[in-house]
Structure formats: C-alpha cells, structure tokens
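Since we're looking at a predicted model, the values are computed, not measured. Order of the sequence lines fixes the chain letters, A, B, ..., with proteins taken first and strands second; residue numbering starts at 1 for each chain.
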Amino acid sequence: MRTTQLYAPTLRETPAEAEVVSQKLMLRAGMIRKAAGGVYTYLPLAWRTLRKIEQIVREEMDAAGGQEILMPILQPSEIWKETGRWAVYGEEMFRLNDRHEREFCLGPTHEEMVTALVRDEVRSYKQLPLMLYQIQNKYRDEIRPRFGLMRGREFIMKDLYSFDKDEAGLEVSYKKMFDAYTRVFTRCGLKFRPVEADNGAIGGAHSHEFTVLADSGESNIVYCTKCDYAASDEKAELKTIVAEKEEPLELEKVSTPGTKTIELVADYLKVSVEKTIKAVAFQNEKDELVLAFMRGDHDVNEVKLQNAVGAIALRMADEEAITAAGGQPGFMSPIGIKKGTKIVVDATVMDMYNAVAGANEKDMHFIHVNPKRDFKDVMVCDIRLVKDGDPCPHCGAPLKMTRGIEAGQVFTLGTKYSKPLGATFLDENGKEKPLVMGSYGIGVSRTMAAAIEQNNDKDGIIWPRAIAPYEVIVVPVNAKVKEQLDMAEKVYETLKKEHIDVVLDDRKERAGVKFKDADLIGYPLRITIGPKTLESGIIEAKIRRTGEVKNLTKENYVEGVKEILDTL
RNA sequence: CGGGACGUAGCGCAGUUUGGUAGCGCACCUCGCUUGGGACGAGGGGGUCGCAGGUUCGAAUCCUGUCGUCCCGACCA
C-alpha cells in the first residue's frame with residue numbers, strides 16, 4: 001500500500017467530542033469516523049487491525065474445536081419471549097417491527113438464537129460436545145454511549161456457545177475456552193489478566209473476565225501480590241476482619257447533633273471511623289427496602305448485596321421508604337427497624353465491639369453497640385467492596401488494585417436457556433435432558449480500542465506487531481530526490497515479496513510530516529531512506545515503541561527487518 | 001430519567017451580551033521556494049451559522065419548538 005492511495009485522513013487537531021485516548025487517536029489517525037452516537041465507520045486501517053484480531057480469534061476458536069457460523073442480526077421476538085428476556089432486556093434492546101407489525105430486535109447477544117438452532121438439530125449425546133461461534137455485529141442501545149469504541153451501540157463481538165451433555169463436559173469446554181482466550185490475548189500482544197468474575201443472575205458455576213490492563217479502564221480488578229488470585233472488584237471475596245475483643249458495655253443512646261455523615265459522627269464522638277457502623281439503604285425491583293450495614297470505612301459491594309438478597313436490581317432508596325420502615329436517614333442502625341425489613345449486615349460488622357451506630361432518631365446515635373448481642377433478625381454475609389491492600393482470600397497477602405478493560409468473558413450457563421427453549425437430547429440411557437451450555441464472548445472492536453489504551457504515547461499509537469494494520473512503513477526522506485524514491489520503492493517491493501505488511505510513504509511531503517503521521521498511526525517499524533542510504537548504504541530502522549534506531553545495510557536489510565519484527 | 005453546556009467551512013475556534021448579511025488558525029487547490037520531526041511567501045476555493053417556526057425594515061445574534069453532541073448526577077442518607 002502507498003500512502004498516496006491509502007484512505008487514512010489524519011487530523012492534526014483532536015475532535016472536541018473525543019473523550020478517551022483510543023478514540024482521540026483513532027480519529028486522528030484516520031481509522032474511524034463517527035456515524036451516530038456510539039456508531040462508527042471503520043476506515044481501512046482500523047478494518048485491517050480488526051481483521052487481524054478476528055483472524056487470531058478464529059484460529060484459536062477453531063483450534064479449540066469451535067465451528068464458525070453466522071447467525072442473523074435481525075431476530076424474531078418469539079424466541080426472546082420463550083426465555084422471558086424480551087421483557088427483561090428492556091430499553092437496551094433495539095426493537096423494530098416489520099410491515100406486518102411482527103416484532104424483531106437487533107441481536108444484543110445470541111443465546112436464544114443459537115439454542116433455538118441447536119434444539120432442532122441435536123438429538124443425541126453422540127452429537128456432543130458442540131461448540132459454535134460467530135464473529136458479528138452486536139447491538140445494544142446503551143443509555144450513554146461513551147468512550148468511542150469502548151462502549152458503542154454497535155460493536156463487533158465473537159461469541160461462542162458450548163453444548164455438553166453434563167456439567168463435567170461443560171467443565172472441559174470451559175477450560176478449553178479459558179485456555180483459548182489466554183492464547184488469543186497473548187497473541188494479540190496485550191498485557192491482560194483473567195479474573196474471577198461475578199455471573200450474577202445467571203447463576204452458573206463460574207465466570208472469568210479477561211481484562212486488558214490499562215489505567216483508563218472502566219473495570220477495577222484486584223490481584224494478589226503473592227499467589228495467582230485475581231478477581232473483579234465485584235467478585236472479590238473478602239475475609240471477615242475480626243476486631244480486637246473488648247468487654248461489651250451497656251448500650252447507650254447519646255445526642256450527636258447534625259452528624260449526618262460517618263466522618264462527622266466519628267469526629268464528634270472522638271472515635272475512629274473503624275469503630276462506627278454505617279447504613280446504606282436500597283430498594284429492590286419490587287420497591288422493598290434493603291438495608292445494608294457496613295463498618296464506617298467500608299463500601300458496599302452492590303453485586304454481592306444483590307446476590308445475597310436475590311434481587312434483580314437495586315437502587316438507592318427513597319427517604320419515604322426509609323422512614324416507613326422506622327429508619328431515620330443519617331442515623332440508622334438495625335436496632336429499632338420495623339420487623340420484616342430486609343437487613344443485611346456485613347460479616348465484619350458482626351465482629352465489632354462497642355461500636356457506634358445510628359439510633360433511628362434524628363441527631364441520636366447509640367454507643368457501645370455489640371452487633372452479636374444487639375442486632376436481631378439480620379442476614380449476615382460478606383457484602384464488602386474490596387479496597388487496595390485488603391488481604392487475599394487465598395493466601396492473606398495484600399491485594400493490589402488496578403484498572404482494566406474487560407475484553408472477554410467466559411461463563412457457564414448451565415440449562416438457563418436450554419430448559420425454557422426445550423433444547424434437549426437423549427442420553428446414553430435414552431433419557432431426555434436439557435443441554436448444558438456455556439457462553440464465551442470477546443469484544444473484537446473493544447479489544448482494538450483496549451490495545452490502543454494500553455499502547456500509546458504522546459505521539460500516537462504503538463501497535464503490537466500482531467495486530468498492527470501494517471507492520472512496516474518505508475519513508476523516503478525527500479521524495480523529490482529520485483534516487484531516494486527509487487531506493488524506497490525497491491525496499492518496499494522487496495519487503496512485500498517477503499509477505500511483510502508494508503506501506504510506502506510516497507507523498508511529496510516534508511520529512512517531518514511523514515514522520516509525524518507514521519508515529520501517529522503507530523507502525524511498529526519505520527524504515528528511513530535518506531542521504532545516508534545513498535552515500536553509505538545505510539538503511540535506518542526505527543522501532544516505534546522504544547525509539548531505538550538500528551542501522552541496516554542495503555545488503556542485509558531484509559533479514560534485519562525480519563529479526564526486528566520478531567521482537568515486536 | 002434529572003441537571004448543565006454546546007451546535008458557525010473537513011478539524012479547532014472567535015463573533016451572539018449591544019440585531020445591520022460572517023471571520024481566524026489548521027487542512028484543501030495553484031505557483032514559487034524549501035526538504036532528517038507537522039517550513040515559508042503569494043494567490044485561491046469552500047459555510048442556507050444544526051433544523052423548523054416566530055419577532056423585526058433587517059436575525060448567526062432575540063423568542064418558541066425540535067434534532068444532535070458532550071458533561072455531571074447512581075452508595076456513607
């Protein structure tokens with residue numbers, strides 16, 4: 001490819017709408033253009049990278065036993081009604097009607113579709129296990145599409161579904177996919193971590209997220225500094241912190257005027273925040289009040305809480321709901337709350353002694369609260385959100401918190417979809433059973449964005465070689481010097497014959513312009529043909545990531561380029 | 001959904017308060033000059049000022065509506 005032909009309009013200035021690095025750089029590098037909120041056109045450079053990622057994914061899925069198919073984007077409502085998700089999915093689903101007023105949606109995912117497909121064809125355990133996948137656009141009408149390709153409304157995803165005859169088979173399929181994902185992200189040249197994740201309402205055995213490490217990421221993950229434990233912050237289990245034992249004193253109500261926050265109470269009563277118990281009030285989807293109680297300095301993990309009370313959704317509670325249950329916003333504790341209210345107390349709270357908690361009266365708190373003695377009718381479990389430095393649940397070493405981008409997720413589905421859709425088979429004993437399923441996704445377009453979030457500097461993108469749109473750019477310093485251009489042409493043609501993805505910058509631009517564009521687009525290797533080449537046969541190879549320049553010669557540059565590429 | 005802001009040339013912005021028929025930088029085209037990190041000079045093309053109504057002799061500017069874009073709000077009550 002020649003830059004005079006390449007449709008990659010680079011921008012010197014960043015469009016005002018761009019929020020994150022990947023979006024800014026992709027817009028500037030002429031890789032993407034926005035068509036509507038959260039909807040983008042992929043220009044040639046982006047499309048090449050996407051196809052490279054897809055190809056890696058495809059090879060690994062095939063190697064793990066997957067078979068590629070292509071299901072429709074346009075899906076009939078019937079199958080979604082069978083699983084109940086037509087109602088549950090809500091506003092996030094793009095819905096439309098055909099001319100006969102039949103209802104359809106643009107597929108946000110394909111569990112229904114693939115299960116419906118398989119139920120008609122799979123009859124016997126002899127046809128199992130089966131793994132089907134596709135690489136295709138997905139549609140989700142996000143409330144707030146943001147961050148360019150990171151959270152779009154249309155995006156490319158690889159989704160694979162496994163079908164097994166039993167849980168043991170599912171375990172095998174799951175492990176295969178876990179390993180395949182590890183290879184995919186490794187081959188893409190990304191720094192990532194598989195972390196234990198919550199699979200919430202789905203309730204399968206387990207789930208892992210593959211998180212590409214980047215400070216700009218949206219998801220928080222923790223990993224152990226000693227063992228190999230790693231989890232998303234939603235999932236991270238936490239051991240109960242047992243406070244130093246004290247002789248329980250008698251419960252006492254004290255006046256604490258105006259102390260609506262934990263900090264104010266602690267300050268007013270001259271106790272540390274660790275000696276206080278705070279309340280966070282939620283309402284579930286049925287508007288029932290759910291009260292969570294935490295140590296003053298701890299945060300609620302809403303996902304854990306949601307799982308604990310079996311709620312589908314939680315939101316902050318209205319003041320009316322709190323008062324109706326006998327609570328007083330700002331001064332709440334389980335003591336004196338109306339019977340029947342759902343109360344969840346974090347396990348750590350139960351091991352506190354002589355603590356401070358609200359008295360459910362304005363400007364009043366209890367002191368000498370001993371939860372084991374004073375809290376009645378409460379559910380106790382771990383509902384704490386992990387913090388940097390918390391002890392690892394496996395080995396106790398401090399956990400480290402970091403940010404990342406969720407690029408892939410694997411999870412077990414069990415019979416959640418096969419049962420309602422009636423996808424069954426006959427086992428060895430002629431008994432009809434529902435298929436045991438797993439679901440495995442990779443956000444392909446998001447992986448591209450994540451790669452940029454992880455690999456960039458002030459000058460632009462730094463592509464890992466495996467997913468770079470082109471691996472090498474050949475730049476003649478002065479295209480008006482015929483000898484330079486001829487030499488550049490020769491190098492370009494030679495590398496092309498060696499099956500290296502190479503671009504020739506044949507524009508009549510000044511060197512600076514060409515260098516800036518090459519850095520912005522992020523070709524892993526830049527070959528410069530200049531006066532030095534003509535005078536002494538030196539061909540410069542500059543590594544984008546390190547800035548390191550290697551002098552190759554007219555004679556050996558092909559080998560040299562290959563050697564360098566192999567290290568990128 | 002609630003609150004806030006913005007929409008003027010491909011991109012970044014000024015002009016709007018105080019109405020008088022649109023400007024700057026970059027990009028683009030031509031010529032000259034220049035060529036190892038986004039040169040310089042001269043000349044040029046491009047905008048129904050998001051859209052639709054209204055007020056006015058006259059609207060980018062004032063009013064109403066609408067569409068779009070972006071930001072903030074979602075735990076310590």
- Query: Using the P atom in both, what is the distance from B/C62 to B/U8, to the nearest Å?
  - Reply: 16 Å
- Message: Work out how far the P atom of B/C24 is from that of B/A9, and round it to whole angstrom.
- Response: 14 Å
- Message: Strictly by Watson-Crick or wobble contacts shorter than 3.5 Å, is anything paired with B/C1, and which nucleotide is it?
- Response: B/G73
- Item | Phosphate OP1/OP2 of B/G10 contacted by A/Lys34 side-chain N/O (<4.0 Å) | no
- Message: Distance check needed: B/A5 C1' versus A/Glu17 CD, whole Å only.
- Response: 16 Å
- Message: Under a 3.5 Å cut-off for both contacts, is B/C6 paired Watson-Crick or G-U wobble with anything, and if yes, with which nucleotide?
- Response: B/G68
- Message: Mind checking if A/Gly296 touches a base, just sugar-phosphate, or nothing, with heavy atoms under 4.0 Å?
- Response: base
- Item | Assigned partner base of B/G45, Watson-Crick or wobble definition, under 3.5 Å | none
- To the nearest Å, how far apart are A/Glu142 CD and B/C1 P? 16 Å
- B/G38 versus B/G12 - spacing of their C1' atoms, nearest Å: 15 Å
- Task: Would you verify whether the NZ or CZ of A/Arg95 falls within 45 degrees of the ring axis of A/Trp86 while also being under 6.0 Å from that six-membered ring's centre?
- Result: yes
- Item | Identified pairing partner of B/G25, criterion: Watson-Crick or G-U wobble below 3.5 Å | B/C11
- Task: For B/U48 and B/G7, measure between their C1' atoms and round to the nearest Å.
- Result: 16 Å
- Classify the nucleic acid contact of A/Leu385 as base, sugar-phosphate or nothing, counting any heavy atom under 4.0 Å across all strands shown. base
- Query: Taking for each residue the nucleotide of RNA chain B with the nearest heavy atom, is it A/Ala16 or A/Asp297 whose nucleotide lies nearer the 5' end?
  - Reply: A/Ala16
- Item | Distance in angstrom units between A/Arg153 CZ and B/U69 C1', rounded | 12 Å
- Task: Classify every nucleotide of nucleotides 31-39 of chain B by which part a protein heavy atom approaches to under 4.0 Å, writing B for the base, S for the sugar-phosphate alone and - for neither, in 5'-to-3' order.
- Result: ---BBBBBB
- Item | Atom P, compared across B/G25 and B/G43: separation rounded to whole Å | 13 Å
- Nucleotide of B/U69, B/C75, B/C72 approaching A/Arg146 most closely (side-chain heavy atoms): B/C72
- side-chain contact (heavy atoms from CB on, under 4.5 Å) against A/Glu406, all qualifying residues, sequence neighbours excluded: A/Glu209, A/Ser219, A/Gln409, A/Arg446
- Considering only atom P, compute the distance from B/G3 to B/G46 and round it to an integer number of Å. 44 Å
- Task: Can you tell me which residue pairs pass the ring-ring contact (aromatic ring centres under 6.0 Å, His included) test with a partner in residues 500-519 of chain A, sequence neighbours excluded?
- Result: none
- Task: Rounded to the nearest 0.5 Å, what's the gap from CD1 on A/Ile262 to CD1 on A/Ile277? Could you check?
- Result: 9.0 Å
- Task: Quote, to the nearest angstrom, the C1' distance that separates B/G23 from B/U66.
- Result: 29 Å
- Message: Taking the P atom in each of B/C63 and B/G73, what is the distance between them to the nearest angstrom?
- Response: 30 Å
- Item | Those residues that, when tested against A/Lys270, pass side-chain contact (heavy atoms from CB on, under 4.5 Å) (two or more places apart) | none
- Message: Please report the distance, rounded to the nearest Å, between CD in A/Gln306 and C1' in B/C75.
- Response: 13 Å
- Quick note, ring-ring contact (aromatic ring centres under 6.0 Å, His included) partners involving residues 274-323 of chain A, not counting sequence neighbours, are none
- So which one's nearest nucleotide on RNA chain B is more toward 5', A/Phe282 or A/Gln23? A/Gln23
- Can you tell me the distance, in whole Å, between the CZ atom of A/Phe147 and the C1' atom of B/C72? 12 Å
- By side-chain contact (heavy atoms from CB on, under 4.5 Å), which residues pair with A/Gln328, not counting sequence neighbours? A/Phe331, A/Lys362
- Task: Give the C-alpha distance, both sets of side-chain angles, the deciding distance and a yes or no for ring pair (Phe, Tyr, Trp, His ring centres under 6.0 Å) between A/Tyr89 and A/Trp80.
- Result: CA-CA 9 Å; A/Tyr89 229 96; A/Trp80 289 84; 5.8 Å; yes
- Query: Does NZ or CZ of A/Arg48 fall inside the cone over A/Tyr470's six-membered ring, less than 6.0 Å from its centre and within 45° of the axis?
  - Reply: yes
- Query: In Watson-Crick or G-U wobble terms, both distances under 3.5 Å, what is the partner of B/C62?
  - Reply: B/G54
